[in-house]
Amino acid sequence: MTDLGPTKLGSGNYLKDRGYNDPAEMRIKFLLSNEIALAIEDKVLSQKAAAELTNLKQPDISRIVNGNVGEYSVWRLMRALSLLGRDIVIDIHQSNQEQGDINTHIAPAKQTTGR
């Protein structure tokens with residue numbers, strides 16, 4: 001059996017342990033890229049069609065749906081998601097602590113009633 005050396009425990013923040021400078025921002029970017037991929041899937045769009053809808057290039061869509069989002073701003077990802085038919089709501093509340101938190105919440109799809 002090979003000795004692999006001492007076990008290194010993570011900090012509990014996977015993205016920080018992987019070297020991301022701003023893990024909270026990357027968490028938001030990954031969430032947005034996943035929602036973009038789901039929106040494209042829900043609309044049964046090709047990457048080319050999604051690119052046309054979002055004013056991006058097809059290689060950008062490919063990178064985004066594969067989670068390669070380091071070079072994209074949160075705003076650009078939110079804009080693409082909104083162009084794919086998703087509403088994005090930012091709520092700001094007074095914190096009970098000295099420093100507030102940044103959280104995300106994905107609301108369930110609205111139910112529509114047919115006639």
Side-chain angles (χ1 to χ4, degrees):
M1 195 158 114
T2 304
D3 180 18
L4 300 176
T7 302
K8 182 177 178 184
L9 296 177
S11 69
N13 186 330
Y14 178 81
L15 296 175
K16 182 178 181 181
D17 292 345
R18 293 293 170 259
Y20 289 103
N21 292 332
D22 191 342
E25 180 182 13
M26 285 307 298
R27 191 172 8 268
I28 298 297
K29 287 181 178 186
F30 288 139
L31 177 129
L32 290 168
S33 72
N34 186 63
E35 287 299 310
I36 289 168
L38 292 172
I40 291 168
E41 184 178 303
D42 288 349
K43 290 181 168 284
V44 193
L45 297 172
S46 67
Q47 287 187 358
K48 181 180 179 188
E52 290 171 6
L53 277 175
T54 59
N55 301 315
L56 296 170
K57 295 178 180 169
Q58 183 277 323
D60 290 319
I61 293 294
S62 179
R63 281 191 286 275
I64 290 167
V65 301
N66 286 302
N68 298 323
V69 291
E71 67 186 68
Y72 300 96
S73 69
V74 170
W75 179 257
R76 191 172 182 194
L77 295 169
M78 288 193 309
R79 184 71 183 135
L81 189 55
S82 71
L83 291 169
L84 289 166
R86 298 293 202 263
D87 290 332
I88 300 166
V89 178
I90 299 173
D91 288 326
I92 301 173
H93 304 275
Q94 179 64 43
S95 178
N96 292 329
Q97 303 168 8
E98 187 173 323
Q99 183 176 351
D101 292 322
I102 298 173
N103 296 300
T104 59
H105 170 75
I106 300 173
K110 296 176 185 174
Q111 297 295 322
T112 58
T113 56
R115 293 195 182 237

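The structure displayed is predicted, hence computed values, not measured ones.
- Every pair passing side chain to side chain donor-acceptor pair (under 3.5 Å) that includes a residue from residues 46-55 is listed here, sequence neighbours excluded: Gln47-Gln58.
- By the rule that hydrophobic residues join a cluster once side-chain heavy atoms approach within less than 4.5 Å of another member, Leu53 and Ile36 end up as members of one cluster.
- In the hydrophobic clustering of ILVMFWY residues, with side-chain heavy atoms under 4.5 Å counting as a link, Met78 and Leu38 come out apart.
- Atom CG of Leu81 is separated from atom CG of Leu32 by 6.5 Å, given to the nearest 0.5 angstrom.
- Residue pairs meeting the side chain to side chain donor-acceptor pair (under 3.5 Å) criterion with at least one partner in residues 30-42, sequence neighbours excluded, are Asp42-Arg86.
- If you take CD1 on Ile106 and CG on Leu31, they are separated by 4.0 Å, rounding to the nearest 0.5 Å.
- Residue Val65 is grouped with residue Ile88 when hydrophobic side chains (ILVMFWY) are merged at heavy-atom distances under 4.5 angstrom, including chains of intermediate members.
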Discussion item. Walk me through whether Val69 and Arg63 qualify under side-chain contact (heavy atoms from CB on, under 4.5 Å).
Written reply: CA-CA 7 Å; Val69 291; Arg63 281 191 286 275; over 6 Å; no
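- Of all non-hydrogen atoms in Lys57 and Ala51, the two that sit nearest each other are C-CB, 3.7 Å.
- Clustering ILVMFWY residues whenever any of their side-chain heavy atoms sit less than 4.5 angstrom apart, transitively, puts Ile40 in a cluster other than the one holding Leu83.
- Lys43 pairs by the side chain to side chain contact (heavy atoms under 4.5 Å, CB included) definition with Leu45, not counting sequence neighbours.
- The side chain to side chain contact (heavy atoms under 4.5 Å, CB included) test applied to Ser82 returns Arg79, not counting sequence neighbours.
- Residues Leu84 and Trp75 are members of one and the same hydrophobic cluster, defined by side-chain heavy-atom contacts under 4.5 angstrom among Ile, Leu, Val, Met, Phe, Trp and Tyr.
- Applying the side chain to side chain contact (heavy atoms under 4.5 Å, CB included) criterion to Ile92, with sequence neighbours excluded, gives Ile90.
- Remark: Asn66 pairs with Ser62, Asn68 by the side chain to side chain contact (heavy atoms under 4.5 Å, CB included) rule, at least two apart or across chains.
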